[in-house]
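None of these values were measured; they are calculated from a predicted model. Here is the naming used below: chain letters follow the sequence lines, and residue numbers restart at 1 for every chain.
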Protein chains: 2
Amino acid sequence: MTASRSRRANAAWESLLTAHAALMKRFAAEPIWGELSMREYDVLYTLSKHAEPLRLYELGRDVLLSQPALSRLVDRLAERGLIERAADPADGRGVRLALTAAGREAQRRVGGRHAVDVARAVAVLTDEEMRQLEAIGRKLAARTEPSTPDRQEASR
Amino acid sequence: MTASRSRRANAAWESLLTAHAALMKRFAAEPIWGELSMREYDVLYTLSKHAEPLRLYELGRDVLLSQPALSRLVDRLAERGLIERAADPADGRGVRLALTAAGREAQRRVGGRHAVDVARAVAVLTDEEMRQLEAIGRKLAARTEPSTPDRQEASR
DNA sequence: TTGAGGTAGATGCAAACGCATGAACATCAG
DNA sequence: CTGATGTTCATGCGTTTGCATCTACCTCAA
């Protein structure tokens, strides 16, 4: 990897970070969330994308939260009747998480309003840029297998 | 705004969110951070980008953290000798925040290692995509003035 | 079949966070 | 000059988070 390519990569990542922070703040300031925090909405949204119940660790892939924090967040949402926990018949350790009717309704209600704000914020991009961003995000999120396996031992 | 454009905008934003979460997790798992949390590094990095001391609220624009949380994070970094707080002579309310020598050194040490990981993660993109991402991020972060000023009153 | 090692999720606890609010200063109309 | 309003940062307090660890279960070689 050349130095200029590394510099460009870091500039691109910083740009993504800045945009993420700026838009997250803008969205958080919108009066659309009702009694859901953005993180809670994130969990409900992730569940709403899947027809099948999700395992906790599957949720954890999408939500930027530690496993214990996610476990307790799911706790609270279950106590509030928005999520249903069920034991996984195929794996005695696991749980199957699904939206309840109330949870789905809450996700739809908030999600509809949030989508409007997202569309407004992203509207500064051209259609072409939106397509580019979607493609770039997909490539970045795709797990790259460790090209240098000895990185594992490089731990402190 | 057409419905298809809104859908594309939301897909693009979700793609950005997913990439952000995936890469943040990957970076957090790297054994490069020493005694700095990623948020602490973020603050040190932001300060390192500016020659002049920063005000707390200026830091807050870049760091995704509430003002009280940022105030206390700065507290801790100052106690550890990485940041210097000084009263702002031009504004009795404000503080001027700057890296100490130790803070700059810590930022450089961790930043150098982190940049390698960033470059590796972003290397899945072509040069052209890196440029696109940088441009897109810049456009998204640029504050769009409220096109519909009556949104202010639409608060609950 | 068994037991060693791995994985999924829950829990104790200290640290950190967000919300509401306070204190100090700045600004500006009258 | 003065008081009303806005801004900047700090602090009290209840909630949430992360780290370390625990329990329960799964997997698989011997």
For residues 32-42 of chain A, the salt bridge (charged side-chain N to carboxylate O under 4.0 Å, His left out) pairs (sequence neighbours left out) are Glu40(A)-Arg80(A)
Please list, pair by pair, any protein nitrogen or oxygen found under 3.5 Å from a nitrogen or oxygen in nucleotides 23-25 of chain C.
{"residue": "dC25(C)", "atom": "O3'", "partner": "Gly92(B)", "partner atom": "N", "Å": "3.3"}

Output one line per pair: protein atom, nucleotide atom from nucleotides 13-15 of chain C, and distance, for all N/O pairs under 3.5 Å.
none

ring-ring contact (aromatic ring centres under 6.0 Å, His included) pairs touching residues 58-94 of chain A, sequence neighbours excluded, are none
Outer limits of DNA chain D sitting under 4.0 Å from a non-hydrogen atom of chain A, read 5' to 3', are dT16(D) to dC26(D)
Overall bend of the helix from dT1(C)-dA30(D) to dG30(C)-dC1(D) (five pairs an end, 10° steps) is 30°
Residues pairing under ring-ring contact (aromatic ring centres under 6.0 Å, His included) where one sits in residues 62-117 of chain B, two or more places apart or in two chains, turn out to be Phe27(B)-His114(B), Trp33(B)-His114(B), Tyr41(B)-His114(B)
Sequence neighbours excluded, the answer for side chain to side chain contact (heavy atoms under 4.5 Å, CB included) partners of Glu14(B) is Tyr45(A), Lys49(A), Thr18(B)
The side chain to side chain contact (heavy atoms under 4.5 Å, CB included) partners of Glu52(B) (sequence neighbours excluded) come to none
The complete set of ring-ring contact (aromatic ring centres under 6.0 Å, His included) pairs with one or both residues in residues 124-143 of chain B, sequence neighbours excluded, reads none
Separation of dG22(C) atom P from Gln67(B) atom CD, nearest Å, is 15 Å
Contacts of Glu84(B) meeting salt bridge (charged side-chain N to carboxylate O under 4.0 Å, His left out) (sequence neighbours excluded), chain-then-number -> none
Contacts satisfying salt bridge (charged side-chain N to carboxylate O under 4.0 Å, His left out) that involve residues 58-67 of chain A (not counting sequence neighbours) are none
Exercise for review: Would you classify Arg85(A) as touching base, sugar-phosphate or nothing, given that sugar-phosphate means primed atoms plus P, OP1 and OP2, and contacts are heavy atoms under 4.0 Å?
Suggested key: sugar-phosphate
By nearest-heavy-atom nucleotide on DNA chain C, the more 5' of Ala69(A) and Arg39(A) is Ala69(A)
